[in-house]
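Notes to accompany the following structure.
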2 protein chains.
Amino acid sequence: MHTLDVALGERSYPIHIGRGLLDDPSLILARLKTPRVAIVTNDRVGPLYRERVQRGLEANGVRVTAVVLPDGEAYKDWQTLNLIFDTLLAERCERSTMLIALGGGVVGDMAGFAAATYQRGMPFMQIPTTLLAQVDSSVGGKTAINHPLGKNMIGAFYQPRLVIADTATLDTLPDRELKAGIAEVIKYGLIRDLDFFVWLEGNLERLLERNPAAIAYAIERSCRNKAEVVAADETEQGERALLNLGHTFGHAIETGLGYGEWLHGEAVAAGTVMAARLSHALGWLGEKDLERAVALFRRAGLPVSGPALGAERYLELMAHDKKVEAGRMRLVLLKAIGRAVVSDTATPEQIAAAIEACCP
Amino acid sequence: MHTLDVALGERSYPIHIGRGLLDDPSLILARLKTPRVAIVTNDRVGPLYRERVQRGLEANGVRVTAVVLPDGEAYKDWQTLNLIFDTLLAERCERSTMLIALGGGVVGDMAGFAAATYQRGMPFMQIPTTLLAQVDSSVGGKTAINHPLGKNMIGAFYQPRLVIADTATLDTLPDRELKAGIAEVIKYGLIRDLDFFVWLEGNLERLLERNPAAIAYAIERSCRNKAEVVAADETEQGERALLNLGHTFGHAIETGLGYGEWLHGEAVAAGTVMAARLSHALGWLGEKDLERAVALFRRAGLPVSGPALGAERYLELMAHDKKVEAGRMRLVLLKAIGRAVVSDTATPEQIAAAIEACCP
């Protein structure tokens, strides 16, 4: 087991990474103030892992309430969030009850937001079971639900007390989701870690084959990058925005097609290619770096072009993004592989041209 | 104008108290980072004051979006909260837009929760227009909506950047609401300010007659008490819980009758009498102090007994309260006038007896 720390003063917490950690209730037990837990999961992950976690806790005298949500980004909404509150209240969960998010990014975002707002805040833990959640969404305290007009529009910054990434849970992950997770792994290389990008170029096939050592290394290195950025800028006043490379374009794809059509990682891959093309058009990212970035996404089986929504629709959707400030669109762009910047210099025409270049 | 500070480090903010402050946009303008504001109000307060605030801002180049909610505690729910989000998104309000809550406690609680969660947090200000909101709910950062199973169950601690209490807005306040606000004023005397309680005994009629000097003094002294408690314990780990004197009983009344039937302050008055009777039964609060407390509520025209829901139903509703810990009901009780404590020593039988003694 490897352990990293997210250094946030009194809100610091560890990330444990290893195979089979789900079978060790002591990691969770050590952080409980009262013997009371609510597990939030979904109807795909729940049947695979919930009983193991629950039994381990119950064997140690913990009373466990389970909330099983329908699976999918399409359910990341008010109605489904209310299912969590209804159960927490009906089962008399208290402000001191520990909420555990067991599942992928959608479960983590929703359960985290429920924890942030139930009785004005209850403690929570993340047990991510997808690659995307293990390398990105479970770390850093961003929680949210979607609104019909924009992704992750309603939410809170709320840090977990603990993250447990059991790499064995990835054994059952569908290929498509594994690849979607790799999109966020590549992202760390592109924005701030050239050495990691080079490592990925040399080890991508091992990741796709789910080589345990390669997977564990990719998760650990991704989490270390994420933890450093979050520790430096918890609420995204500056550097943390770089983690949104490809996300403004990507959210437009997700919202434009309807939530759940594309996986988040797929939209981020296509969105990152758009951002890279725009960076190249601005004269920032060299031709060769652009090609390396596109080639790596392609080798990972990820989309390198977006759906043909029309550039105008993209711009309209992007204008709702949280990164808009004083009406200017602030985008994460690349100066080189391993060096990202936030910039509002691109004109709508330049942005539209980059989108057109990436749509069939 | 009097100004008090709520000392919370980098989240500190001022409370301005005075007559006619609504006509001075400079107080608001000084705190805007971008010239963009969303005013959230309701259909009773909005027609009285919104235009004055809005015109003053627009005359200074600020773009203002207005959200007008239906009036009343019955609307403090998800559906109405979503009306705020719908408008903020449709009008492209940004993460840097300033949200202004203009109204009573319900508007402040809902608008504050919307601000806490829109794009994971936008800045907000409180312009309370009821006595209850001016002396209590607008200060301290508690925001929430109700759930059918419990009051204020979903919410966040989220501090405003500024509170403006224009005492002239109380001129239009219905008598019933003025009295409801006085319940929270009396609360400060009971929990921590004997001198203020004595002042209230000598000046209650002046408050009921809306004597401007008396009203201003009561608001200022109440806010000073609240600011001190909040500064010492922002997220209610300890002392802040004392501010909930009468609230566990009171919330049971509000939830049990259906939100909006009794005003919050009315339920707090009856709930405080129950807490005082229980304190007396435990041998803590002397007979004379009990009588003084009941007499002051009665002189204010506030209820000193609760609706006849039956003690069992009260206990069931109270068990949902946020103050429950490890299944024990933690209640705010009185050792004397001016000295409150949090205690879980009362048995269900003792609590039930105090409720019965206060129900017709």
Side-chain angles (χ1 to χ4, degrees), chain A residues 33-36 63 77-79 81-82 84-97 109 113-114 116-122 141-158 234-237 241 255 316 319-328 330, chain B residues 33-36 63 77-79 81-82 84-97 109 113-114 116-122 141-158 234-237 241 255 316 319-328 330:
Chain A
K33 292 222 173 110
T34 62
R36 189 78 176 86
R63 188 177 149 214
D77 58 15
W78 281 127
Q79 286 74 27
L81 183 72
N82 261 322
I84 304 179
F85 294 134
D86 290 346
T87 305
L88 294 180
L89 278 164
E91 297 281 317
R92 310 210 164 197
C93 291
E94 301 174 359
R95 198 157 57 172
S96 58
T97 298
D109 282 7
F113 187 46
T117 55
Y118 182 68
Q119 302 203 6
R120 297 196 186 95
M122 68 197 297
K142 277 196 180 179
T143 72
I145 56 171
N146 298 328
H147 185 281
L149 291 177
K151 196 173 146 77
N152 293 335
M153 276 296 157
I154 318 298
F157 287 98
Y158 194 69
E234 184 180 4
T235 58
E236 199 167 310
Q237 307 301 307
T255 309
E316 187 186 311
H320 276 300
D321 196 83
K322 291 187 289 292
K323 267 71 74 183
V324 172
E325 202 170 289
R328 303 278 301 181
R330 300 173 73 237
Chain B
K33 290 223 173 111
T34 61
R36 189 77 178 89
R63 188 177 149 216
D77 58 13
W78 282 126
Q79 287 73 28
L81 183 71
N82 261 320
I84 304 179
F85 294 135
D86 290 346
T87 305
L88 294 179
L89 278 164
E91 297 281 318
R92 309 211 164 198
C93 291
E94 300 173 1
R95 198 156 56 170
S96 57
T97 299
D109 281 6
F113 187 46
T117 56
Y118 182 69
Q119 302 203 5
R120 297 199 186 93
M122 68 197 297
K142 277 197 181 179
T143 72
I145 56 172
N146 297 330
H147 184 282
L149 291 177
K151 195 172 147 79
N152 293 334
M153 276 295 155
I154 318 295
F157 287 98
Y158 194 70
E234 183 180 6
T235 58
E236 199 167 310
Q237 307 302 307
T255 308
E316 186 186 313
H320 276 299
D321 196 83
K322 292 188 288 295
K323 267 72 73 183
V324 172
E325 204 169 290
R328 303 278 303 181
R330 301 172 74 237

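Order of the sequence lines fixes the chain letters, A, B, ..., with proteins taken first and strands second; residue numbering starts at 1 for each chain. It should be emphasised that the depicted structure is a prediction, and the values quoted were computed from it without experimental measurement.
Of the two parts of A:Phe113, only the side chain, counted from C-beta on, holds a non-hydrogen atom closer than 4.5 Å to a non-hydrogen atom of chain B. For a residue to count as touching a neighbouring chain, one of its non-hydrogen atoms must lie under 4.5 Å from one of that chain's; by this rule A:Lys142 touches chain B with backbone and side chain alike. With a threshold of 4.5 angstrom between heavy atoms, A:His147 approaches chain B through side-chain atoms but not through N, CA, C or O. At a 4.5 Å heavy-atom cutoff, the contact between A:Leu81 and chain B is made by side-chain atoms alone. With a 4.5 Å cut-off on non-hydrogen atoms, A:Thr143 touches chain B through its backbone but not through its side chain. With a 4.5 angstrom heavy-atom cutoff, A:Ala114 does not touch chain B via any of its atoms.
In this structure, B:Ala319 and A:Arg92 approach most closely via the heavy-atom pair CB-NH1, 2.8 Å. Closest approach of A:Glu236 to B:Arg95, counting heavy atoms only: OE2-NH1, 3.8 Å. In terms of heavy atoms, B:Leu89 sits closest to A:Met153 at CD2-SD, 3.7 Å.
Options A:Asp86, A:Asn82, A:Thr34 differ in how many heavy-atom pairs under 4.5 Å they form with chain B, and the most are formed by A:Asn82. The most heavy-atom pairs under 4.5 Å with chain A, out of B:Ile154, B:Leu88, B:Thr235, come from B:Ile154. Annotation: maximal heavy-atom pairing with chain B below 4.5 Å, among A:Leu149, A:Ile145, A:Thr97, occurs at A:Leu149.
The aromatic rings of A:Trp78 and B:Phe85 lie parallel to each other, their planes meeting at an angle below 30°, with 60° marking the opposite boundary.
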